[in-house]
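Shown next, in structure tokens, is the structure this report addresses.
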Amino acid sequence: MRNLFLFLFRFRGALIFGLLEVISLYLFITNNSYQRAAFFNSANKYTGVVLERRTQITDYFQLAEMNQQLAVENASLRQQLYPPDTTGREADSVALPPARTDSLRRIRYQRPAARPDTLLLGQQAIAARDPGYPLMPARVINNMLRNVDNYLTLNVGSANGVRPGLGVIAADGVVGRVKVVTEHYATVTSLLNSKTSISSKIKRDGTFGTVRWLGDDPTHATLDNVLRETRLVKGDTVVTSGYNTVFPEGVFIGTIDSFVKEPDKNFWTVRVKLGVNFANLTYVYVVTSRAKAERDTVEARSGMPREGAPRP
């Protein structure tokens, strides 16, 4: 301990100078918007390279576990795409009323038009070739869980068509929203972030609300703005509302786990179990919306708040 104090005393000048340099650099970056943006963009780029190399090494030693996870996911998807014959069957023809000239009044049948290709994602069938919401696969190379404001890093960037503000979903539901983009990497504001809000609705009756994370349990969030007159049922499905261009309507978010009426409030306190397991998130999809820029422009001119904007 004595040698440590002697060392600190001997180099006190250099240490104080270094500390003052760090403080001045911090103040310079945080108080200048251009320097702050340049710093975070550069840091995101180089951090992305390091994280990708780390992920490649980790993946090599976890190939068996990843293969098992993919096999389980593929089995689940196949079960959803090919349900048993006794559930959800659709007739291959539809009945048409008899023609007026048909003296026997026979019912005629006509085969319906072919259905478009669809992708089952987050318990919602989304058109695979829908020009309004094309999907871009991405790999999660870094994921935060323990903070109040958590972020993810993806291995796609502006070179792949990713832009700030785009939504990110996984096979089990909503993940978050793109915040910062470099050429080959993107940082995503996770649903597990105090500044994230998702416009949502209860699928059973269409009741609208807003899903937010309180910063404690990574498996649950809250559904705000649900009036006390609303009849809630445990297990109700909560999906995106379609009131924005970030996410398509009907993408799975979670299920209602519990709800309480506060005596001094006009709204329910609703706890939602999230569909996405953020502790085991590997592959996601970036949702691009071609109509987003036009809609954001007209809503900005009218003064409407954007979804996901920081709350006061």
Side-chain angles (χ1 to χ4, degrees), residues 37 40-41 43-45 47-48 51-52 119-144 149-200 210-213 221 239-253 274-276 278 281-300 304-311:
F40 283 113
N41 285 335
N44 186 66
K45 177 180 179 181
T47 302
L51 291 174
E52 185 175 31
L119 172 66
L120 192 65
L121 189 63
Q123 298 187 2
Q124 168 71 12
I126 300 175
R129 297 189 179 93
D130 184 357
Y133 287 99
L135 301 174
M136 180 188 308
R139 174 74 160 84
V140 178
I141 61 175
N142 190 40
N143 186 9
M144 300 167 57
D149 296 327
N150 295 294
Y151 299 89
L152 302 93
T153 304
L154 308 182
N155 66 344
V156 293
S158 59
N160 308 100
V162 179
R163 308 184 306 275
L166 297 183
V168 180
I169 57 182
D172 296 322
V174 173
V175 172
R177 185 174 181 176
V178 177
K179 180 181 182 182
V180 179
V181 176
T182 59
E183 186 176 1
H184 300 292
Y185 301 97
T187 298
V188 176
T189 304
S190 171
L191 177 57
L192 306 183
N193 189 299
S194 64
K195 298 180 178 64
T196 299
S197 59
I198 306 296
S199 178
S200 56
T210 303
V211 171
R212 294 191 178 96
W213 189 57
V239 298
T240 54
S241 66
Y243 273 12
N244 60 80
T245 55
V246 179
F247 301 102
E249 181 179 0
V251 177
F252 185 70
I253 298 177
L274 299 176
V276 174
F278 285 88
L281 192 59
T282 305
Y283 294 99
V284 296
Y285 298 91
V286 180
V287 185
T288 59
S289 173
R290 295 176 183 172
K292 182 180 189 310
E294 181 179 357
R295 178 167 172 178
D296 283 350
T297 300
V298 70
E299 291 184 351
M304 290 182 63
R306 294 183 295 108
E307 181 195 32
R311 304 194 303 276

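Both backbone and side-chain heavy atoms feed into the values below; hydrogens, waters and symmetry mates do not.
Annotation: the span from E249 atom CD to S241 atom OG amounts to 7.0 Å, rounded to 0.5 Å. For the atom pair CG of N143 and CG of L154, the computed distance is 9.5 Å after rounding to the nearest 0.5 Å. Rounding to the nearest 0.5 Å gives a distance of 4.5 Å between CG of L51 and CG of N142. L191 contributes atom CG, which lies 9.0 Å from atom CH2 of W213 (distance to the nearest 0.5 angstrom). In this structure, L192 CG and N150 CG are separated by 5.5 Å, a value rounded to the nearest 0.5 Å. Atoms OH and CZ, on Y283 and R139 in that order, are 5.0 Å from each other to the nearest 0.5 Å.
Between V174 and V276 the shortest side-chain heavy-atom distance does not fall below 4.5 Å. Inter-residue side-chain proximity for V188 and V286 is flagged as unmet; no heavy-atom pair is nearer than 4.5 Å. T189 is listed as a side-chain neighbour of Y151, based on a closest heavy-atom distance under 4.5 Å. A 4.5 Å side-chain heavy-atom check between T282 and V140 finds every atom pair outside the cut-off.
Judged as a side-chain hydrogen bond (donor to acceptor under 3.5 Å, both in side chains), and not counting sequence neighbours, S190 has no contacts. Every residue two or more places apart in sequence or in another chain was checked for a side-chain hydrogen bond (donor to acceptor under 3.5 Å, both in side chains) with T240, and none qualifies.
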#### Entry: Steps toward side chain to side chain contact (heavy atoms under 4.5 Å, CB included) verdict (I253, V239)
CA-CA 5 Å; I253 298 177; V239 298; 5.5 Å; no
### Query
Going through the checks in order, is the side chain to side chain contact (heavy atoms under 4.5 Å, CB included) test met by Y185 and V180?
CA-CA 9 Å; Y185 301 97; V180 179; over 6 Å; no
### Message
Let's go through V246 and I198 carefully: what are the C-alpha distance in whole Å and the side-chain angles of both, what is the deciding distance for side chain to side chain contact (heavy atoms under 4.5 Å, CB included) to 0.1 Å, and is it a yes or a no?
### Response
CA-CA 9 Å; V246 179; I198 306 296; over 6 Å; no
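Side-chain atoms of S197 and T210 include no donor-acceptor pair closer than 3.5 Å.
Across all non-hydrogen atoms, the minimal contact from S158 to V181 is N-CG1, 3.2 Å. Taking each heavy atom of A221 and L274 in turn, the nearest pair found is CB-CD2, 3.8 Å. Pairing each heavy atom of A138 with each of V156, the nearest pair is CB-CG2, 3.7 Å. When all heavy atoms are compared, the tightest approach of I141 to E52 is CD1-N, 4.0 Å. Residues V284 and A170 approach most closely at CG1-CB, 4.3 Å, considering heavy atoms. When all heavy atoms of A186 and V178 are compared, the closest pair comes out as CB-CG1, 4.3 Å.
Within the 3.5 Å criterion, the main-chain N or O of V162 finds no donor-acceptor partner in the side chain of N160.
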